[in-house]
There are 2 protein chains.
Amino acid sequence: MADPNTRDKILDVGEVLFARRGFAGVGMREVADRVGLGKSSLFHHFRSKVQLYLAVLERVLARIQERVAPALKDTGDPCERLDRYLDAFIDALAEHPTTARLLLRGIFEDDDFDAGTFPEHHVEHRLEVILSDARRLIEAGVEAGAFRDVSPPHMMQTLIGATVYHFASGEFGEGLLGRPLLSAEAVARRKDELKALLHNGLWVKAQ
Amino acid sequence: MADPNTRDKILDVGEVLFARRGFAGVGMREVADRVGLGKSSLFHHFRSKVQLYLAVLERVLARIQERVAPALKDTGDPCERLDRYLDAFIDALAEHPTTARLLLRGIFEDDDFDAGTFPEHHVEHRLEVILSDARRLIEAGVEAGAFRDVSPPHMMQTLIGATVYHFASGEFGEGLLGRPLLSAEAVARRKDELKALLHNGLWVKAQ
DNA sequence: GTCTATAGCTAGATAGAC
DNA sequence: GTCTATCTAGCTATAGAC
């Protein structure tokens, strides 16, 4: 097998570049230059550009799974459990500035090189696990009567937008907020705003 | 000037392809083939690939502005006005399957070919108008006491996620929902789910 | 306004020396 | 495991005939 240190360096560089410009926007030459290798040497570590991209995606998903796993323990009412899960998920997204963007790209960029063409990777599977964990939390809350009778898939989409999109929005989001997206304060604020919306909605109710 | 019909055909094709694979993922050759022209002929209508991309983006933003303009009239309380605006905005996103995806790409793909390099286009300006209209609706509602004391930028991010991301999510979103994203029923359902969240939150309150 | 031809470059990927 | 050299194919863009 290849030198693990070199392999990890390539993954690190690929992660930054793919997050910034997507699969098609990145060339192996640029990756090689940043790692400090000749372009050909990359193909010793990864058979093709697609394999490198999938390896980057899979490492990101694995990191997310690690972070949210402790939040999945079976204690507390549905509200506490969803709160805990969202906190952990947001922490995972905020850990590296590349995470949310790669996740968002992975979600809507794989319509291209058709899913299932590279079955040796577990990208699809890992994504499904993460999604079904979240979905079960919502369904359990609805069934228990702790949540309104929302459509779980629609609530999933809303939560993905409120978390993944938010932390993927980069310069645009920072322009809107007028401050960094990933500072400890900004991350804490995002958690609070999201949870307040879930608790109270936006409207002020007539008393 | 060029034949407007041909120009529009090029924009139509570019819109579909750029929405699907982004700026870097599309070649002028593929655009030309789908239009039924030689590749060189494209450069008679658009000076460069970037100019074509910006023209596509600008047309999309203009279409959105047209759709939401009637919803901006100064009648009703803040709740009614935001409801009306969100309905119109969602209708604009649902009008073409390409709209939301191009908008989302435009939001976080212009970190690359740096903004302001092509000042003759109004993409940036149109986006700012759309955003500041929405933001004013939120700020007015907070000031009037009709909305909770949310952070308007955070609420903007949540609403962008709930609308633009949702309709941009393509096959992924359809897999999650188990049905098309853009059918009349699905669009109406999305409006209802979003407005119910703004009205009531997710939690069922203790009475 | 569309075409052919081509310039000039970069892409992903391979072969084989060291 | 990294290198140089090279292959084939693609790219954006231009020149100039029709």
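Below, all heavy atoms of this structure are taken into account, side chains as well, without hydrogens, waters or symmetry copies. Convention: sequence-line order gives letters A, B, ...; per-chain numbering from 1.
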Annotated protein contacts, base or backbone, on nucleotides 11-18 of chain C with a non-hydrogen cut-off under 4.0 Å, one of B, S, - each: SBBB----
Nearest-Å distance for atom pair CZ/P, residues B:Phe46 and C:dT2: 12 Å
Separation of D:dT12 C1' from B:Leu17 CG (nearest whole Å): 16 Å
Length of the line joining A:Asp8:CG and D:dG1:C1', which is rounded to integer Å: 16 Å
Separation of D:dT2 P from A:Asn5 CG (nearest whole Å): 11 Å
Proximity of B:Phe108 and A:Phe172 rings by center, below 6.0 Å: no
Pair B:Ser169-A:Gln157, side-chain hydrogen bond (donor to acceptor under 3.5 Å, both in side chains): steps then yes or no: CA-CA 9 Å; B:Ser169 63; A:Gln157 287 280 76; 2.9 Å; yes
Parallel, tilted or perpendicular: rings of B:Tyr53 and B:Phe18 (30°, 60°): perpendicular
Distance, rounded to the nearest Å, where B:Asp33 contributes CG and D:dT12 contributes P: 12 Å
Short side-chain N/O contact to D:dT2 OP1/OP2 from A:His45, under 4.0 Å: yes
A:Leu42 to A:Met28 - nearest heavy-atom pair and separation: CD1-O, 3.3 Å
Interatomic distance, A:His44 NE2 vs D:dT2 C1' [rounded to whole Å]: 9 Å
Under 3.5 Å side-chain donor-acceptor pair for A:His121 and A:Gln51: yes
Contacts of B:Asp74 that satisfy salt bridge (Lys or Arg N to Asp or Glu O under 4.0 Å) - sequence neighbours left out: B:Arg81
